[in-house]
Amino acid sequence: MRDSGESDLSTILLNWYDRHARIMPWRVPPDRKQAGERPDPYRVWLSEVMLQQTTVAAVRAYFQRFTDRWPTVADLAAAADGDVMGEWAGLGYYARARNLLACARAVVRDHGGVFPANRAGLLELPGIGPYTASAIAAIAYDEPAVVVDGNVERVMARLWRVEEPLPGAKTELTRLAAVLTPVARPGDYAQAVMDLGATICTPRNPACGICPWRDPCRARADGVQATLPRKAEKAAKPVRQGVIWVARRADGAWLAERRAERGLLGGMLGFPGSDWDGAGGAAPLAANWAEVGDVRHTFTHFHLILQVQVTSVAQDAVALRGEFLAPAAFRPADLPTVMRKAFDLANSALAPP
DNA sequence: CACGCGTGGCA
DNA sequence: TTGCCAAGCGT
């Protein structure tokens, strides 16, 4: 045991975590850990990937469905691509789902179905970067890895009053996080900082009055906690426009199209459409198309206005693009949100078949 | 290293 | 309504 001031800080936080740890389906609470229970690396990995840039509230239901359907990494590795992409639909950042499958298959193929038990090994796997490798190593294997996510950056920036804006401050914040990381209970410590950041040291209106680190916090002492961390200004989002064609066949089948593996919504189910450059495009089949309105959707880097065209076609219609999927094979829940919006608009505009 | 990559909640 | 934000990764 160290006896430095930094060690005191981590001890204060761990004591707080022992009393206030949030209950999560992928987490082993501190009292059960103390009794010797270990978290399942598969569930830790799955939760960490889902939580990348995503709120706990959004992840919970997805985590439950994934673990119900694929209880082990071997089950997931054996799944069909389309089933995994469909189950991920709505959660966003779909490269995560593609990498999730690639990672599960690599674990089965190259590691005998067992996750590497250290940060360096985890880092080699697809979809596992510096943060996720550290988080799994600390939480699942109690490796004293330095875990730096958005919560840690925010908490460190306030605790030490770091005025340099992100992303430039990242190196300094990582150094400060490393100094605090304890050798004992590094996994609980990592989760404690994240709980602190999510429930007390929040981006807006931090609850400093009940914070276990309120006394040592330099930003709090100077009253500048709400201004930290500083961030570089972001560019304004341009508006892009396009057309999407939704066709229903007489038997109720829908003309769908699997998107390219790479890029926006890569690997997800969708409908034939134009480029999103406002130039229009050619319909995927000759029919009497009707414009039924626009769908508006905002992606990370742009706003999209999608003009929705619909039609009903005969059973012998031939599509130039896409594939007719029978009602049993077409689940609207498999669609990413922007495509789901287009489908809902089209479906409500068409008379029952 | 800067950028592309989703979505839903909230002020 | 609009902008900001959340447990980042790959290129």
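Since the structure is predicted, the reported quantities are computational estimates derived from the model, not experimental observations. Labels below follow one simple rule: chain letters A, B, ... track the order of the sequence lines, proteins then strands, and each chain is numbered from 1.
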- prompt: Where each residue is assigned the nucleotide of DNA chain C containing its nearest heavy atom, which of A:D149 and A:R204 is assigned the position nearer the 5′ end?
  reply: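 Taking each residue's closest nucleotide, the earlier one in sequence belongs to A:R204.
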- request: Let me know, please, whether A:S47 or A:N99 comes out on the 5' side of the other along DNA chain C by nearest nucleotide.
  value: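 The 5'-side residue here is A:S47.
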Flag the pair [X] and [Y] as a salt bridge only when some basic side-chain nitrogen lies within less than 4.0 angstrom of an acidic carboxylate oxygen.
{"X": "A:D40", "Y": "A:R43", "result": "no"}
{"X": "A:R105", "Y": "A:D81", "result": "yes"}
{"X": "A:R19", "Y": "A:D31", "result": "no"}
{"X": "A:D75", "Y": "A:R69", "result": "no"}

What nucleic acid atoms does [X] come within less than 4.0 Å of, heavy atoms only: base, sugar-phosphate, or nothing?
{"X": "A:V56", "result": "base"}
{"X": "A:R154", "result": "sugar-phosphate"}
{"X": "A:L91", "result": "base"}
{"X": "A:M24", "result": "base"}
{"X": "A:P126", "result": "sugar-phosphate"}
{"X": "A:G90", "result": "sugar-phosphate"}
{"X": "A:K231", "result": "sugar-phosphate"}

Tell me: [atom1] of [X] to [atom2] of [N], nearest whole Å?
{"X": "A:R98", "N": "B:dG6", "atom1": "CZ", "atom2": "C1'", "result": "12 Å"}
{"X": "A:W88", "N": "B:dG6", "atom1": "CH2", "atom2": "P", "result": "12 Å"}
{"X": "A:R296", "N": "C:dT1", "atom1": "CZ", "atom2": "P", "result": "9 Å"}
{"X": "A:E153", "N": "C:dG8", "atom1": "CD", "atom2": "C1'", "result": "10 Å"}
{"X": "A:R60", "N": "B:dT7", "atom1": "CZ", "atom2": "P", "result": "22 Å"}
{"X": "A:M194", "N": "C:dA6", "atom1": "CE", "atom2": "C1'", "result": "13 Å"}
{"X": "A:Q52", "N": "C:dA6", "atom1": "CD", "atom2": "P", "result": "15 Å"}
{"X": "A:L335", "N": "B:dT7", "atom1": "CG", "atom2": "P", "result": "11 Å"}

Which of these nucleotides, [options], is closest to any side-chain atom of [X]?
{"X": "A:Y94", "options": "B:dG6, C:dG8, C:dG3", "answer": "B:dG6"}
{"X": "A:H301", "options": "C:dT11, C:dA6, B:dC3", "answer": "B:dC3"}
{"X": "A:R262", "options": "B:dT7, C:dG3, C:dT11", "answer": "C:dT11"}
{"X": "A:P203", "options": "B:dT7, C:dC5, B:dC5", "answer": "C:dC5"}

query: Is there a donor on the side chain of A:T55 or the base of B:dG8 sitting less than 3.5 Å from an acceptor on the other?
result: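 No.
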query: Could one point to a donor on the side chain of A:T300 or the base of B:dG6 with an acceptor on the other under 3.5 Å away?
result: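 Under the 3.5 Å cut-off, the side chain and the base do form a donor-acceptor pair.
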message: For a side-chain hydrogen bond (donor to acceptor under 3.5 Å, both in side chains) check, start with the C-alpha distance between A:D251 and A:Q315, then their side-chain angles and the critical distance, and finish with the verdict.
response: CA-CA 7 Å; A:D251 64 349; A:Q315 192 65 27; 3.1 Å; yes
On the nucleotide [N], are OP1 or OP2 found under 4.0 Å from the side-chain N or O atoms that [X] carries?
{"X": "A:Y93", "N": "C:dG10", "value": "no"}
{"X": "A:K237", "N": "C:dC4", "value": "no"}
{"X": "A:T54", "N": "C:dA6", "value": "no"}

field: G-U wobble or Watson-Crick pairing nucleotide for B:dC1 (cut-off 3.5 Å, both distances)
entry: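 Answer to the pairing question: none, since B:dC1 forms no Watson-Crick or G-U pair.
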message: On DNA chain B, compare the nucleotides closest to A:T298 and A:N205; which residue's is nearer the 5' end?
response: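 Final value for this comparison: A:T298.
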- request: Between A:R240 and A:A58, just flag the one whose closest nucleotide in DNA chain B comes earlier from the 5' side.
  value: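 Result: A:R240.
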field: Cation-aromatic face contact A:R65/A:Y62, 6.0 Å, 45 degrees
entry: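 Checked: cation-pi criterion met.
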field: Pairwise P distance for B:dG8 and C:dC9, with rounding to whole Å
entry: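 The answer is 22 Å between these two P atoms.
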- prompt: Mind checking whether A:F299 and A:H297 have ring centres under 6.0 Å apart?
  reply: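 Centroid separation for A:F299 and A:H297: below 6.0 Å.
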